[in-house]
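Contents: one structure, followed by commentary.
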Amino acid sequence: MKRRTFFSMSVVGLAAVGTCSLWKRDPEPPLQLVSLSAQQSRQFVPAEVGTELWAVLRIDVDEGPTEDRPPVHVGLVVDTSGSMEGAPIEAARSAAAELIGSLQDGDRLTVVTFDSKAELVVANVEIDDDTRDESLEKVAEIAAGGTTDLAAGLHAAIEDLRPHVVQGRVTRLVLLSDGVPNDASSIPSAVAQASSMGITVTALGFGLDYDEGQLASIAQQTGGTFHFLEQPEALVPLFREENLRLQGIAAQEIVLTLTTGPNVELMEVVGQSYALPQPRIFMGLGDLSRGQERVVVVRLRVGPHRAGAPVELLDGLLTYRDPRSGQTIELDVFLSARAEDDAAVLAESIDPAVEREIENAKAAAMTLHAISLYRDGNPHEASAVLGKAIPQAAAISGRLDDSRLQEQTSNMVKLAEAIAEDEEAFERTEPEEELAQPDLHNPFHARTKAPAKQGLAGKRALRQAHGDAMVNFQARPNSAKK
């Protein structure tokens with residue numbers, strides 16, 4: 001792995017003893033906490049025939065020494081619709097107060113609420129003793145009532161953040177919602193704006209009635225994270241965790257570029273939507289904090305190669321900005337194999353750690369696919385996907401003795417049971433040809449049918465399965481630290 005750092009030089013004029021001299025000072029060097037590694041499912045491919053293999057790329061961030069962090073810019077976007085009345089809105093106020101109280105002097109804050117319309121509760125302000133107290137007072141007055149104009153809330157927060165988004169400042173939106181938006185048509189434009197401005201979104205799905213696909217997509221497209229919270233008492237601890245992540249941001253504006261070698265095609269980035277195959281893709285991954293990792297699993301198709309020939313599989317290039325120094329840093333990694341016609345050599349076993357990542361990612365992707373089918377009124381297809389995925393995941397989780405895959409398998413079983421019990425809720429009331437066809441590549445499209453009869457157990461199974469699956473495709477605690 002190579003590491004390249006691009007330094008910007010500044011020239012400062014100094015006057016001393018009646019003379020003036022010019023000198024150059026390098027910026028503070030980065031701590032170099034980030035590493036990029038890659039492994040593949042096998043080192044040899046069969047000669048003279050096409051085949052497929054898997055690759056796992058891992059971005060790790062070390063804890064590093066304790067030191068002052070760069071300033072942060074936080075936007076809170078809180079659902080205050082009528083369904084938040086009671087314990088939920090009380091928990092939201094407490095969680096917001098927790099986060100505001102943890103901000104340091106010099107940080108900036110925006111608070112937006114949304115119900116039937118968006119309200120700018122705290123216009124962008126730099127935090128000091130006075131503004132912190134004023135912000136806490138305003139948050140304490142937040143009340144619930146009205147419908148759910150989530151799009152207006154996002155747009156209002158982004159517009160308030162826009163004049164203050166500057167290099168060197170970590171900018172994060174924390175979005176909390178417990179329901180389905182009135183009109184999702186303008187959410188994609190808000191997400192695109194946030195992404196272009198380098199604003200990552202932490203999306204929190206609260207309760208059992210939000211649109212999990214929509215909130216997860218908002219987070220994923222901005223390089224942020226999604227979390228499922230069922231009970232009000234989970235809000236404050238999660239906001240506390242979010243504050244810790246903000247305190248430890250070590251890499252911003254992360255982009256992973258994947259380039260395939262000759263006669264090799266990139267067929268799938270598990271859990272991501274790309275028009276493939278392509279010879280090169282650029283993955284915007286948002287930011288990572290100390291003690292976090294991001295894992296990317298890809299499927300490659302390798303064309304025929306003569307026996308003994310080296311096979312150039314994949315180049316991975318990671319670029320990110322170090323918030324401490326403002327410097328842009330590059331890391332790269334290269335994967336290769338060899339074409340082989342010896343059956344004994346080709347029978348090599350896969351590294352169990354690599355297989356665990358591959359199988360967890362595949363199970364998570366199948367879970368999300370089944371949920372999407374179910375949400376779009378195709379419960380029979382969703383059941384078929386799970387019916388195939390569950391036995392495979394169960395067998396592999398037992399062989400690898402992998403607790404994470406075992407938990408995902410259990411979630412899939414509960415999800416399959418919930419779908420089976422709820423299929424009668426999807427009886428069509430209109431002829432097939434009169435129903436709008438869902439755009440499965442658009443996470444913001446209107447659902448053609450809704451699981452109207454789904455009970456609490458079914459909702460819980462769906463949200464839990466979705467939330468656990470999403471962990472595979474976003475920033476998470478470094479597995480080496482667990």
Test item: [X] side-chain N/O and [Y] main-chain N/O as donor-acceptor pair under 3.5 Å:
| X | Y | value |
| --- | --- | --- |
| N182 | T148 | yes |
| T131 | E126 | yes |
| S289 | R245 | yes |
| D79 | D178 | yes |
| S196 | Q193 | yes |
| R42 | W54 | no |
| R93 | I142 | yes |
| S372 | L368 | no |

Would you call [X] and [Y] a side-chain contact if the rule is heavy atoms closer than 4.5 Å?
| X | Y | value |
| --- | --- | --- |
| V72 | L103 | yes |
| L99 | L109 | no |
| L154 | I218 | yes |
| D211 | L215 | no |
| S479 | R58 | yes |
| V56 | I358 | yes |
| N360 | V295 | no |
| I199 | L161 | yes |

Notebook entry, point to check: If you draw a 6.0 Å radius around CZ in R240, do more than 12 non-hydrogen atoms from other residues or ligands fall strictly inside?
Noted result: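 Yes, because the 6.0 Å sphere around CZ of R240 holds more than 12 heavy atoms from other groups.
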
* **Candidate list L318, D322, D60, test side chain to side chain contact (heavy atoms under 4.5 Å, CB included), partner V34, passing option** =>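 The residue from L318, D322, D60 that satisfies side chain to side chain contact (heavy atoms under 4.5 Å, CB included) with V34 turns out to be L318.
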
Any donor-acceptor pair under 3.5 Å linking the side-chain atoms of [Y] with those of [X]?
| X | Y | result |
| --- | --- | --- |
| S195 | Q221 | no |
| E98 | N243 | no |
| T110 | N124 | yes |
| Q406 | D402 | no |

TODO: Evaluate the criterion side chain to side chain donor-acceptor pair (under 3.5 Å) for residue pair T200 and T222; output intermediate values, then yes/no.
DONE: CA-CA 5 Å; T200 57; T222 60; over 6 Å; no

Rounded to the nearest 0.5 Å, what's the gap from [atom1] on [X] to [atom2] on [Y]? Could you check?
| X | Y | atom1 | atom2 | result |
| --- | --- | --- | --- | --- |
| L386 | T367 | CG | OG1 | 6.5 Å |
| L256 | L331 | CG | CG | 10.5 Å |
| M267 | Q278 | CE | CD | 11.5 Å |
| I419 | M412 | CD1 | CE | 11.5 Å |
| L313 | T260 | CG | OG1 | 9.5 Å |
| L53 | S41 | CG | OG | 4.5 Å |

For a quick test of reading the model, state the closest non-hydrogen atom pair linking [X] to [Y] and the distance between them.
| X | Y | value |
| --- | --- | --- |
| T409 | S397 | OG1-OG, 4.2 Å |
| Y210 | R375 | O-NH2, 3.7 Å |
| A184 | P188 | O-CD, 3.4 Å |
| A475 | L288 | CB-CD2, 3.5 Å |
| S135 | I100 | CB-CG2, 4.3 Å |
| A92 | L235 | N-CD1, 3.7 Å |

Legend entry - Plane angle bin for H466 and F226 - parallel if under 30°, tilted between 30 and 60°, otherwise perpendicular: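 The arrangement is perpendicular - the two ring planes meet at more than 60°.
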
- Message: Name the residue from K459, R463, R460 that meets the salt bridge (charged side-chain N to carboxylate O under 4.0 Å, His left out) definition with E212.
- Response: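 Result for salt bridge (charged side-chain N to carboxylate O under 4.0 Å, His left out) with E212: R463.
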
* After noting the C-alpha distance and the side-chain angles of L173 and I158, does the key distance pass the side chain to side chain contact (heavy atoms under 4.5 Å, CB included) rule? -> CA-CA 8 Å; L173 274 182; I158 292 169; 4.0 Å; yes

Looking at [Y] and [X], is there a salt bridge between them, counting it only when a charged N and a carboxylate O are closer than 4.0 Å?
| X | Y | value |
| --- | --- | --- |
| K138 | E141 | no |
| E359 | R399 | no |
| E357 | R404 | yes |

Quick one: do L285 and Y320 satisfy side chain to side chain contact (heavy atoms under 4.5 Å, CB included)? Show the steps, please. CA-CA 10 Å; L285 302 181; Y320 69 93; over 6 Å; no

Next on the checklist: The test is salt bridge (Lys or Arg N to Asp or Glu O under 4.0 Å); show your working for R162 and E159 and say whether it passes.
Outcome noted: CA-CA 5 Å; R162 184 187 299 276; E159 285 306 308; 2.9 Å; yes

### Message
Under the criterion side chain to side chain donor-acceptor pair (under 3.5 Å), I'd like the reasoning laid out for E407 against N411: C-alpha separation, chi angles, the key distance, then a yes or no.
### Response
CA-CA 6 Å; E407 184 175 359; N411 286 336; 4.8 Å; no

Notebook entry, point to check: Which is it for Q408 and N472 under the side chain to side chain contact (heavy atoms under 4.5 Å, CB included) test, yes or no, and what are the steps along the way?
Noted result: CA-CA 11 Å; Q408 288 204 110; N472 292 270; 3.1 Å; yes

- prompt: Hey, mind stepping through I127 and Q104 against side chain to side chain contact (heavy atoms under 4.5 Å, CB included) and telling me if it holds?
  reply: CA-CA 7 Å; I127 292 296; Q104 300 178 6; over 6 Å; no

